[in-house]
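First comes the structure, then the notes that go with it.
Below, all heavy atoms of this structure are taken into account, side chains as well, without hydrogens, waters or symmetry copies.
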Amino acid sequence: MPTFRAPRGTRDLLPADRAPFTRLERIARDLALRYGYHEMETPLFEQGAVFERGIGEATDVVEKELFRVAPSRGEERERWALRPEATAGICRAYVEHGMQTWPQPVRLTLTGPMFRYDRPQAGRYRQFWQWDVEAIGDPGPAVDAELVVLGARFYREAGLDDVEVLLNSIGDATCRPAYVAELAAYFRRHEAALPDVERARLATSPLRLLDSKEPAMAALVAAAPKITDRLCEACAAHFAAVRDHLDALGIPYRIEPALVRGLDYYTRTAFEFYRHGAEGQQQALGGGGRYDGLVELLGGKPTPGIGFALGLDRVVLALEAAGADAAPVGTPIAVVVGADPADTAGRLAVATRLRDAGLAVGADLSARRLGRQLEAAVRDGARFAVILGDELGDGAVQLRDLDAAAQKLVLVDDLVALLRRKSAG
RNA sequence: GUGGCCUUAGCUCAAUCGGCAGAGCAUCGGAUUGUGGCUCCGAAGGUUACGGGUUCAAGCCCCGUAGGCCACCCCA
């Protein structure tokens, strides 16, 4: 029984688990760079108010899932919170560093852990990894389309070709309040027909009834007023333009009028990346949208923005479910082994020389017998073993090809060049 | 936060009705003192998640807690 365990909802990513994340992070980084986005970092924690004000006091993320932390000593009265998502922190940084003076829009991206104090489940953790992309400072619909394309492209390159783009517009301060009121009134007229769960939600968040999982709600939701029919002129034009841009790019998407996102800051364009998985699988692989009021909420000038976040943990799970081959783990080209159990210095010296020359080389520094060392080298995936023995007195070693089970005497001075050629070919 | 199912060695799992806690894989060592993948032998590894209760006796029955999974809630 281990005395200590990883905290609930967190887990250790052992080398084999870490490998697919490394692969996805590389794809994300390369892709972002190709699309002109610049990598940055924000702190893993912020003043709680950044999230409370940015994401919204009444959202689930802030109300029940915020991971609050406080220093155990010191004068600080400030309450801190681990970031539950990246957008609010990035916008805080945008304001703090005066990025409105940079050429607009500012295209930013980051990858890292997020934290939500939620009840864990497969694909839902208290610490999880997101790739986040933001374009701040451009009000136009074209950049909306750029982001959707970038996200969709990521899944393709990662190896998931059945990810669907769900698209909606949730209006802005001009048209949304009226729509929400109309929707609430509609459901109140049918209150008697509502399941208990939904009647309770009606008071707090009428929009949520739209994506209810209650079968009894299907007909009611289908007949409910649609936000897409109630958009103000500006929002409707924006939405149409986003669709035109996607159509022009040949990006398939599905209009989903029931798509409402859980954070208060969203305006207009909202989208989600969705994959029909096996039962019980988390199917929302990522999502994003426009947040034209967020920067101002955080103390900046009125500035439009749009972004998305993709859950890397869920992509890894989806890849496994799709039967994708596990990403190969980095393996050394050779392992240095020794016949003399006492001569660890010689093994380390030869290995260091090869490593300093840029080769990926393991070193067996154990006192076990040569056969065991070779066995371990094979298990490590090495193609060659550099065997140190009496020949070392003449400056030579045995270079053994572990696949062919053949070896030859080689001068230590020639090793680097030889292995370089082998690892290149 | 609500409800259901689950938890035995590092991993995957056995253990009849409540009656001596086991196997395979992995690890380490030996057969083989300078040559691997196969084989053989051996060692180590357990407070049966944790705490309590019932019983002559609990891995097994009961209660509580923790963790995992699932359905909600919500979301990545």
### Message
Other residues, nucleotides and ligands only: do more than 12 of their heavy atoms fall within 6.0 Å of CZ on R53(A)?
### Response
no

### Query
Would you say the side-chain atoms of W129(A) and T111(A) include a donor-acceptor pair closer than 3.5 Å?
no

### Task
Using the P atom on both, measure rA26(B) against rG18(B) and round to a whole Å.
36 Å

### Task
Check whether any side-chain N or O of R8(A) sits under 4.0 Å from OP1 or OP2 of rG67(B), and answer yes or no.
yes

### Task
Rounded to whole angstrom, note down the C1' distance from rA58(B) over to rA21(B).
12 Å

### Task
Anything under 30° is parallel, anything over 60° is perpendicular, the rest tilted; go ahead and classify Y155(A) against F273(A).
tilted

### Task
Please measure how far the P atom in rC25(B) lies from the corresponding atom in rG37(B), and state the result in whole Å.
15 Å

### Query
Just one of L419(A), L411(A), D414(A) clears the side-chain contact (heavy atoms from CB on, under 4.5 Å) bar with L399(A), so which one?
L419(A)

### Query
According to the interplanar angle, ranging from 0 to 90°, do the rings of H190(A) and Y186(A) count as parallel (below 30°), tilted (30 to 60°) or perpendicular (above 60°)?
tilted

### Query
R314(A) has an atom CZ; how far is it from atom P of rC74(B), in whole Å?
14 Å

#### Entry: For RNA chain B, the dot-bracket pattern of Watson-Crick and G-U pairs whose distances stay under 3.5 Å, | for other-strand partners
(((((((..((((.....[..)))).(((((.......))))).....(((((..]....))))))))))))....

### Query
Considering only the P atoms, how many Å lie between rG52(B) and rU47(B), rounded to the nearest integer?
15 Å

#### Entry: Among R29(A), R34(A), R26(A), R23(A), salt bridge (Lys or Arg N to Asp or Glu O under 4.0 Å) partner for E157(A)
R34(A)

### Message
Using the side-chain heavy atoms of Q121(A), tell me which of these nucleotides is nearest: rG67(B), rC75(B), rC73(B).
### Response
rC73(B)

### Message
Test: salt bridge (charged side-chain N to carboxylate O under 4.0 Å, His left out). Region: residues 350-363 of chain A. Which pairs qualify, not counting sequence neighbours?
### Response
R353(A)-D413(A)

## Note on the structure
Heavy-atom contacts, protein to nucleotides 26-36 of chain B, under 4.0 Å, summarised as B (base), S (sugar-phosphate only) or - (none) per nt, yield SSSBB-B-BBB

### Task
Rounded to the nearest angstrom, tell me the gap between atom CD in E85(A) and atom P in rC74(B).
18 Å

### Query
If we take the C1' atom in both rG45(B) and rG22(B), what is their distance in whole Å?
13 Å

### Query
What distance, rounded to whole Å, do you find between the two C1' atoms, one in rC60(B) and one in rG1(B)?
33 Å

## Note on the structure
Here the distance between atom C1' of rG1(B) and atom CD of E65(A), to the nearest Å, is 11 Å

### Task
Go through the side-chain N and O atoms of D144(A) and H238(A) and say whether any donor and acceptor fall under 3.5 Å apart.
yes

### Query
Looking across every strand, which nucleic acid part, if any, lies under 4.0 Å from G288(A) by heavy atom: base, sugar-phosphate, or nothing?
nothing

### Message
Measuring only the C1' atom in each nucleotide, how far is rC56(B) from rC20(B)? A whole number of Å is fine.
### Response
16 Å

### Message
Just the rounded figure in Å: distance from P of rA76(B) to CG of L259(A).
### Response
10 Å

### Query
Is there a donor N/O on one and an acceptor N/O on the other, under 3.5 Å, for the side chain of R11(A) and the base of rG67(B)?
no

### Message
Just to be sure I understand the rule, does D313(A) reach a base, reach only the sugar-phosphate, or reach nothing, if contact means heavy atoms closer than 4.0 Å?
### Response
nothing

## Note on the structure
The answer to which of Y155(A) and P7(A) contacts RNA chain B further toward the 5' end, by nearest nucleotide, is P7(A)

